[in-house]
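Report on the following structure.
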Amino acid sequence: MKTHLNKLNDSLPDHIDLFLCNSSFEDRSLVVLSSIDSSKIKYAIICTNTDQSDIVGQNALSIQNKLKCDSEFANFDTNNPLSIADELLKRLSRFDNKMEIVVDITTFTHEALLILLKIFQISKSYLKNNVHLIYNSAKSYCHTVENIDDIWLSKGLRDKRTILGYPGRFKPYNPLHFIMLVGFENERAKHLIESYEPSVLSLGIADKKESVAPDIHEINLSRYKNLKILYKDVYEFTFSCINPLATYNILNEYIARYKNYNVVISPMNNKVSTLGCGLFALSNPQVQLISSRANLYNTESYSKASKYFYKFNLRDLMKAIE
């Protein structure tokens with residue numbers, strides 16, 4: 001449910017044993033913490049990409065300075081996804097028994113968020129702890145331009161890889177069904193599609209009623225239409241950007257129509273829909289999830305924070321897919 005940030009503090013427990021967040025070049029990495037009474041936080045883990053310290057380091061320090069408790073950095077290397085898993089496992093191993101944990105998922109990378117979700121599943125810590133997932137939606141993207149066609153978040157495709165923990169179980173003679181949850185980044189999407197050369201291509205667009213804001217939906221729809229006309233025989237579906245279980249259910253129903261395919265999913269929209277993809281892959285291990293990195297990101301005006309947040313309880317999410 002969409003809720004104003006001034007209600008965030010009241011929606012969280014009276015004490016937070018662990019606050020987990022990610023430092024980004026986006027100022028949105030500070031918004032959730034700024035809306036919480038920091039005196040209720042007992043300990044914090046700040047995830048930061050050390051290979052990008054020139055663009056994320058300042059916000060990492062700003063987060064630490066806002067905290068009134070002890071904290072530590074989980075140092076990721078985005079070139080090595082094993083470092084993400086190792087750091088998370090090492091830091092989280094101490095928090096494993098009847099604790100209140102708040103995770104600000106707003107500016108985690110898609111890859112790091114899905115690795116974190118897998119760790120919670122494997123360790124079953126969502127059963128032992130009460131894990132609250134918080135997402136601050138964007139008000140706008142690339143807010144320094146006025147023309148929709150001039151909006152850009154990234155350029156080029158640097159690489160692609162299977163997300164650690166979601167390798168899929170492919171049958172060698174099955175054709176490939178490539179599924180993409182389309183966002184704003186058409187150039188990267190085009191490179192990805194062409195690199196996979198799928199037998200079946202499905203492009204998902206966020207449902208208007210399930211989008212975080214009408215303006216963002218209109219931009220997303222424009223990019224979706226521009227991408228779709230490049231390919232023949234594209235199959236279409238809608239998903240939710242505000243409810244991960246809705247996206248999970250949509251994928252469950254949609255993919256069931258296409259039997260005897262190896263399935264690869266590329267989550268390229270917001271973190272809530274990415275959670276939905278992760279939940280689906282956890283309950284369908286034959287499905288592979290992939291991440292992709294751009295050559296260049298718009299670090300100057302990637303996004304502007306809204307005044308709203310979405311909150312999910314991880315135990316409830318996991319129970320729903322069992």
Side-chain angles (χ1 to χ4, degrees), residues 21-29 46-60 73-88 105-119 135 138 141-142 151-168 176 178-198 201 203-204 220 223-224 227 241 264-278 281 287-303:
C21 65
N22 185 76
S23 167
S24 164
F25 54 78
E26 297 178 74
D27 288 339
R28 283 167 70 208
S29 61
I46 306 162
C47 302
T48 185
N49 299 329
T50 55
D51 58 304
Q52 299 173 342
S53 58
D54 56 325
I55 57 175
V56 305
Q58 184 56 55
N59 275 346
F73 290 105
N75 298 309
F76 297 168
D77 178 357
T78 63
N79 298 305
N80 178 12
L82 280 172
S83 76
I84 299 174
D86 288 344
E87 281 288 292
L88 287 171
I105 68 171
T106 305
T107 56
F108 274 86
T109 65
H110 297 276
E111 182 174 45
L113 175 59
L114 289 167
I115 290 173
L116 176 62
L117 181 64
K118 184 68 176 184
I119 288 172
Y135 176 72
Y141 290 94
C142 195
I151 291 174
W152 70 281
L153 301 185
S154 68
K155 294 182 179 180
L157 174 65
R158 179 178 175 184
D159 56 29
K160 65 182 191 310
R161 61 193 177 209
T162 303
I163 296 177
L164 194 65
Y166 305 85
L176 177 65
F178 187 76
I179 299 172
M180 178 177 288
L181 280 66
V182 177
F184 287 4
E185 297 161 284
N186 276 14
E187 184 179 351
R188 182 151 46 126
K190 181 173 177 286
H191 286 311
L192 268 178
I193 293 166
E194 291 174 352
S195 69
Y196 276 93
E197 298 183 343
L201 173 62
L203 299 179
N220 192 192
R223 296 298 168 91
Y224 178 79
L227 183 64
C241 285
V264 174
I265 300 178
S266 172
M268 292 188 67
N269 206 281
N270 74 349
K271 303 303 161 46
V272 176
S273 60
T274 297
L275 270 180
C277 292
V287 172
Q288 181 182 99
L289 297 186
I290 64 162
S291 72
S292 59
R293 296 189 299 170
N295 286 323
L296 179 67
Y297 290 93
N298 182 354
T299 59
E300 296 299 320
S301 60
Y302 192 93
S303 71

Checklist entry - Within the distance-only criterion (no hydrogens, no angle test), does the side chain of Y166 pair as donor or acceptor with the backbone N or O of L114 below 3.5 angstrom? => result yes
Item to check | Shortest non-hydrogen separation from L192 to S195 and the atoms involved | outcome: O-OG, 2.7 Å
Item to check | For the student: nearest non-hydrogen atoms of L176 and V264, plus distance | outcome: CD1-CG2, 3.5 Å
Next on the checklist: Within this structure, what is the CD-CE distance for the pair E185 and M268, rounded to the nearest 0.5 Å?
Outcome noted: 5.0 Å
Next on the checklist: Quiz question: by atom type and distance under 3.5 Å, do the side chains of S291 and H110 form a donor-acceptor pair?
Outcome noted: no
Item to check | Sidechain-backbone polar pair: S83 side chain, D77 backbone, donor-acceptor under 3.5 Å | outcome: yes
Checklist entry - What is the minimum heavy-atom distance between L164 and P81, and which atoms define it? => result CD2-O, 4.0 Å
Item to check | Option passing side-chain contact (heavy atoms from CB on, under 4.5 Å) with F76 (candidates D86, N22, V56, I115) | outcome: N22
Checklist entry - So, the side chain of N270 versus the backbone of S273: is there a donor-acceptor pair under 3.5 Å, distance only? => result yes
Checklist entry - Backbone N or O of N186 within a donor-acceptor pair of the R223 side chain at under 3.5 Å? => result no
Next on the checklist: Tell me which one of I290, L181, I163 satisfies side-chain contact (heavy atoms from CB on, under 4.5 Å) with I265.
Outcome noted: L181
Checklist entry - So how far is it from C241 SG to N269 CG, rounded to the nearest 0.5 Å? => result 3.5 Å
Checklist outcome for this item: Hits for ring pair (Phe, Tyr, Trp, His ring centres under 6.0 Å) against F178, two or more places apart or cross-chain, chain-then-number order -> Y196
Checklist entry - Is a side-chain donor or acceptor of S24 paired with a backbone partner of E26 at a separation under 3.5 angstrom? => result yes
Item to check | SB check R161 E111 (cutoff 4.0 Å) | outcome: yes
